[in-house]
Amino acid sequence: MERLTFAASILDGLADPVILLDDKRRVVDGNLAAWALLGPEPKGRDLSRSIDSPQIIDAVDAVLAGASSERSEVFVPFPIGRSYDLNAWEVLTQAPRKAVWAMLVLHDVTAAKRVEKMRVDFVSNVSHELRSPLSSLAGFIETLQGPARDDPEARERFLAIMEMEAKRMTRLTNDLLTLSKVESGEHIRPKDRVNLRHVLNQVVAAASVRAENRDMTVELEFEEEVADVIGDGDELNQVFGNLIDNAINYGREGAPVRVAIRAVDTIPGITEPGIAVAVENQGEGISPKHRARLTERFYRVDKGRSRKMGGTGLGLAIVKHIVVRHRGHLAISSTPGKNAVFTVYLPRADRK
Ligand SMILES: Nc1ncnc2c1ncn2[C@@H]1O[C@H](COP(=O)(O)OP(=O)(O)OP(=O)(O)O)[C@@H](O)[C@H]1O
Ligand SMILES: [Mg+2]
């Protein structure tokens, strides 16, 4: 009896559902994870009434019909789509009533599959992003070696385009390196005290020419006393550099960009006091369907437009990772047709 309780407690501690089925495919027993998967009152009922997966039912049937074991990967659409490694094998019951029962174990591989898909998508995105400037460069080189060899005017024009493409590739590789550096250090929280007034003044000065070109101004609004934050000065410079660049690039020409800094009692999702920096631009804004995906690598609302400006689509992914590393929070809000606001929350340096 004691041994049984011990075994049951081990089974209940497993995250994978373990289910015992009789020769009529009825649920005899299971662990806690199994009850969570199967829903209310599964015991004594046919497994197919509790789980909506023909693949699982087929595997169990195969075992009950004499196959000694079955392994496969299955997808269960309900209640939320999940993928499992299925393992089922026969269990011979004791005399007097000898029968073939089945043991079923489902190992959840949803998270691993998601990571694998991200990795594959990422490699294909990077190749795609590099291929277009490279093929454009190759095309222009060919033209310069051939038809445009003796055409100084065309040569100048093509060289300017080639320079732009080469710069974009350089930026892409730099951004990729930054992203991988930030990601690999994400678990280590920065320790320095950073004065945001100082960082923002620098960023705004660096962006002033780009703003002027679009007839825009960048206005900084501070509350009187703004506490320091805990952070990495270079990384925060990149965060606000990216957000202010975006505000200039995607905001309405001629309208000001506002950067407002204020203290907040709590950072959303974390009960810690912090500093909020809101970067706001006027303009068409971002519709809700795009908003949630903006921080994904290479995600752009308008690919052509971002490319034309030399964008790589990695800026906000870098921002997001840096903010996570700082144990802060990034909030994106927008009234479509009116504005877009990117707010970065960072922990204060003087918190108790
Ligand atoms: N302030 C904004 N207003 C409207 N759309 C924005 C704004 N900021 C970003 N976006 C949208 O989000 C997309 C992703 O931005 P992100 O900064 O990651 O890439 P990018 O600006 O295209 O290129 P880069 O990597 O060079 O910054 C942009 O392409 C744009 O569609
Ligand atoms: Mg950008």
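Every number for a ligand or one of its atoms is a count from 1 in the order of the listing.
- Distance from atom 24 (P) of ligand 1 to its nearest protein heavy atom, with residue and atom name: Thr312 N, 3.4 Å.
- In summary, of the residues considered (Val63, Leu21, Asp22), a side chain to side chain contact (heavy atoms under 4.5 Å, CB included) with Trp101 occurs for Asp22 alone.
- For the side-chain contact (heavy atoms from CB on, under 4.5 Å) test, residues two or more places apart in sequence or in another chain that qualify with Asp228 are Arg193, Asn195, Ala349.
- Checked against side-chain contact (heavy atoms from CB on, under 4.5 Å), Ala67 has the following partners two or more places apart in sequence or in another chain: Ala62, Glu70.
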Can you list the steps and then say if Val323 with Val319 is a side chain to side chain contact (heavy atoms under 4.5 Å, CB included)? CA-CA 6 Å; Val323 171; Val319 167; 4.3 Å; yes
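- For ligand 1, the atoms sitting less than 4.0 Å from at least one non-hydrogen atom of Phe342 are 1 (N), 2 (C), 7 (C), 8 (N), numbered in the order shown with element in parentheses.
- The number of protein N, O or S atoms lying under 2.8 Å from the Mg ion (ligand 2) is 1.
- Side-chain contact between Val277 and Leu200 is present, with at least one heavy-atom pair separated by less than 4.5 Å.
- Residue contacts with ligand 1: Leu314 is placed with a nitrogen or oxygen under 3.5 Å of a nitrogen or oxygen of the ligand (distance criterion only).
- Scanning the protein for heavy atoms near atom 6 (C) of ligand 1, the closest one is Tyr250 CD1, 3.7 Å.
- Among all protein heavy atoms, the one lying closest to atom 1 (N) of ligand 1 is Asn281 OD1, 2.9 Å.
- No side-chain heavy atom of Phe158 sits less than 4.5 Å from a side-chain heavy atom of Asp151.
- The closest side-chain heavy-atom distance from Leu106 to Leu37 is below 4.5 Å.
- With ligand atoms numbered from 1 in the order given, ligand 1 contributes 13 (C), 22 (O), 29 (O) to contacts under 4.0 Å with heavy atoms of Arg300.
- In terms of protein heavy atoms, atom 31 (O) of ligand 1 is closest to Val301 N, 3.0 Å.
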Between Arg262 and Val264, is a side chain to side chain contact (heavy atoms under 4.5 Å, CB included) present by the stated rule, with each step listed? CA-CA 7 Å; Arg262 65 196 160 88; Val264 291; 3.3 Å; yes
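- Given atom 5 (N) of ligand 1, the protein heavy atom at minimum distance is Ile286 CG1, 3.5 Å.
- The closest non-hydrogen atom to atom 15 (O) of ligand 1, taken over Leu316, Leu294, Leu172, comes from Leu316.
- When only non-hydrogen protein atoms are considered, atom 13 (C) of ligand 1 lies nearest to Tyr299 O, 3.6 Å.
- Of the candidates Gly313, Gly315, Ser334, Gly313 brings a heavy atom nearest to atom 23 (O) of ligand 1.
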Can I get a per-line list of side-chain donor-acceptor pairs under 3.5 Å for residues 281-292, giving both atom names and the distance, sequence neighbours left out?
unit_1 : atom_1 : unit_2 : atom_2 : d
His290 : ND1    : Tyr299 : OH     : 2.8
Arg291 : NH2    : Ile286 : O      : 3.1
Arg291 : NH2    : Ser334 : O      : 3.4

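- Tested against Asn339, the residues Arg258, Arg252, Glu280 include a single side-chain hydrogen bond (donor to acceptor under 3.5 Å, both in side chains) partner, Glu280.
- With hydrogens left out, the protein atom closest to atom 17 (O) of ligand 1 is Asn246 ND2, 2.9 Å, a heavy atom.
- For the pair Arg82 and Phe75, the cation does not sit on the ring face, since its NZ or CZ is not both under 6.0 Å from the ring centre and inside 45° of the axis.
- Residues Glu165 and Arg171 are not paired through a salt bridge, judged by the lack of any N-O separation under 4.0 Å between the basic side chain and the carboxylate.
- When hydrogens are left out, the protein atom nearest atom 22 (O) of ligand 1 is Ser306 OG, 2.6 Å; that is the closest non-hydrogen contact.
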